[in-house]
Participant: 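Structure provided below as structure tokens; questions to follow.
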Amino acid sequence: MNSEELNIEFLALKDSAYRYAVSLLHDPILAEDATQDLYEKLWRRRLFIRRSGFRSLVMTSIRNICLDMLRERERRRQQESPDPIVATASAEEEEMMQTVKRLIAALPEREREVIHLHDCEGMEYSEIAEIIGSSESAARMACSRARQKIKEELIKVMNYGL
């Protein structure tokens, strides 16, 4: 793939890769860094990249970069004391959105990834399975479990006090 083709293909997927990175890292600044690191790595290897499977390559690569960043963050966190995160909501909708985000963040890693890739990025289960290294049926099942857990927890939250 030449430089022009790489730029065109990467620009088409850049936003998806960034949103996926944000969903994994929970930090827009780190997600920007991860996306930039990915582009730099792809640029250095542009002559060896094929057009077919480019989306899977980008999404798998951003996942691996983010996992490396999370591991590094965990190493640092073990050396420091964690700070409590306080979330405040200004309106009912904002509060519900924060609740859903918190529920998604509390999901196991695999389910969190699959629900993001399918529901937020609109990817097919076959592509998701390739990215996470599992079968298509396992990706479907993980997404189904994630949705069910979120639904059950939302019902609990909404019925609290009744």
Side-chain angles (χ1 to χ4, degrees), residues 1-80 82-83 85 87 93-94 96-147 149-150:
M1 184 178 284
N2 66 33
S3 58
E4 287 180 27
E5 291 173 334
L6 177 70
N7 285 336
I8 291 168
E9 294 292 325
F10 187 75
L11 285 176
L13 295 172
K14 175 182 69 145
D15 291 337
S16 291
Y18 170 75
R19 287 190 304 267
Y20 186 33
V22 169
S23 79
L24 293 172
L25 298 171
H26 305 288
D27 185 344
I29 305 296
L30 286 177
E32 287 176 12
D33 291 345
T35 307
Q36 183 63 35
D37 289 347
L38 172 61
Y39 180 73
E40 181 183 343
K41 288 179 182 181
L42 292 173
W43 182 260
R44 280 188 263 134
R45 295 181 181 99
R46 67 187 175 276
L47 299 177
F48 303 106
I49 298 173
R50 293 182 309 241
R51 230 175 231 229
S52 64
F54 186 72
R55 182 176 183 174
S56 294
L57 172 69
V58 168
M59 299 306 272
T60 302
S61 298
I62 198 72
R63 177 180 184 261
N64 291 338
I65 290 170
C66 290
L67 291 177
D68 289 344
M69 293 173 104
L70 288 170
R71 287 183 193 114
E72 180 61 29
R73 183 191 298 174
E74 185 60 31
R75 278 187 225 118
R76 287 184 192 152
R77 186 177 298 160
Q78 288 175 355
Q79 295 172 354
E80 302 171 356
D83 295 330
I85 298 173
E93 289 178 355
E94 181 65 27
M96 183 59 74
M97 191 67 136
Q98 291 301 321
T99 301
V100 171
K101 285 181 181 180
R102 204 169 33 253
L103 292 174
I104 291 173
L107 290 171
E109 183 179 337
R110 177 65 49 101
E111 292 174 4
R112 187 175 63 243
E113 284 183 71
V114 171
I115 201 166
H116 176 81
L117 290 172
H118 187 266
D119 293 344
C120 299
E121 300 301 330
M123 295 179 73
E124 298 295 324
Y125 289 113
S126 57
E127 292 177 302
I128 295 169
E130 189 177 329
I131 290 168
I132 64 173
S134 70
S135 67
E136 187 175 337
S137 62
R140 283 182 194 277
M141 184 60 70
C143 191
S144 175
R145 283 190 197 121
R147 287 184 185 140
K149 287 177 184 177
I150 291 170

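All heavy atoms count here, side chains included; hydrogens, waters and symmetry mates do not. Just so it is clear, the structure is predicted and the values come from calculations on it, not from any experiment.
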Participant: Measure the OH-OG1 distance between Tyr20 and Thr35 for me, rounded to the nearest 0.5 Å.
Facilitator: 12.5 Å

Participant: If we only count heavy atoms from C-beta on, is the Arg147 to Ile115 side-chain gap below 4.5 Å?
Facilitator: yes

Participant: Once you round to the nearest 0.5 Å, how far does CG of Asp119 lie from OG of Ser23?
Facilitator: 11.5 Å

Participant: Looking only at heavy atoms, what is the nearest atom pair of Val22 and Pro28, with distance?
Facilitator: CG2-CA, 4.1 Å

Participant: Is it the case that the side chain of Ser144 and the backbone of Met141 share a donor-acceptor pair, with hydrogens and angles ignored and the cut-off at 3.5 Å?
Facilitator: no

Participant: Is any side-chain heavy atom of Arg110 closer than 4.5 Å to a side-chain heavy atom of Ser134?
Facilitator: yes

Participant: To the nearest 0.5 Å, how far apart are CD1 in Ile62 and NZ in Lys41?
Facilitator: 9.0 Å

Participant: Might you point out which heavy atoms bring Arg112 and Ala105 nearest each other, and give the distance in Å?
Facilitator: NH1-O, 3.4 Å

Participant: Does a donor on one side chain and an acceptor on the other come within less than 3.5 Å for Glu94 and Gln98?
Facilitator: yes

Participant: Are Met123 and Ile131 close enough, and set up right, to give a side chain to side chain contact (heavy atoms under 4.5 Å, CB included), and what steps lead you there?
Facilitator: CA-CA 11 Å; Met123 295 179 73; Ile131 290 168; 3.1 Å; yes

Participant: Would you call Arg73 and Leu25 a side-chain contact if the rule is heavy atoms closer than 4.5 Å?
Facilitator: yes

Participant: Any chance you could measure Leu57, atom CG, to Glu130, atom CD, to the nearest 0.5 Å?
Facilitator: 9.5 Å

Participant: Taking all heavy atoms of Phe10 and all of Tyr39, pick out the closest pair and write down the distance.
Facilitator: CD2-CD1, 3.2 Å

Participant: Can you list every salt bridge (Lys or Arg N to Asp or Glu O under 4.0 Å) pair that touches residues 132-144, not counting sequence neighbours?
Facilitator: Glu136-Arg140

Participant: Of all residues at least two apart in sequence or in a different chain, which pass the side-chain hydrogen bond (donor to acceptor under 3.5 Å, both in side chains) check with Arg50?
Facilitator: none

Participant: Thinking salt bridges, do Glu72 and Arg75 make one under a 4.0 Å N-O criterion?
Facilitator: yes

Participant: Would you say Glu124 has more than 12 foreign heavy atoms packed within less than 6.0 Å of its CD?
Facilitator: no

Participant: Got a sec: does the CD of Glu4 have more than 12 other heavy atoms crowding it under 6.0 Å?
Facilitator: no

Participant: Any side-chain heavy atom of Leu67 within less than 4.5 Å of one from Glu109?
Facilitator: yes

Participant: Give a yes or no answer on whether the side chain of Arg63 reaches the backbone of Leu24 with a donor-acceptor pair at less than 3.5 Å.
Facilitator: no

Participant: To the nearest 0.5 Å, what is the distance between CZ on Arg46 and CG on Asn7?
Facilitator: 9.0 Å

Participant: Distance-only, no hydrogens or angles: does the His116 side chain make a donor-acceptor pair with backbone N or O of Ala21 under 3.5 Å?
Facilitator: no

Participant: Can you see which heavy atom on Ile49 is nearest to which on Arg45, and at what distance?
Facilitator: CG1-O, 3.3 Å

Participant: Taking all atoms of both residues into account, what is the closest heavy-atom pair of Val114 and Ala142, and its distance?
Facilitator: CG2-CB, 4.1 Å

Participant: So, taking the atom named CE in Met59 and the one named CG in Leu38, what distance separates them when rounded to the nearest 0.5 Å?
Facilitator: 10.0 Å

Participant: Indicate the ring-plane relationship of His118 and Tyr125, choosing parallel, tilted or perpendicular according to the 30° and 60° boundaries.
Facilitator: parallel

Participant: Where do Glu121 and Leu117 come nearest, in terms of heavy atoms and distance?
Facilitator: CB-O, 3.3 Å

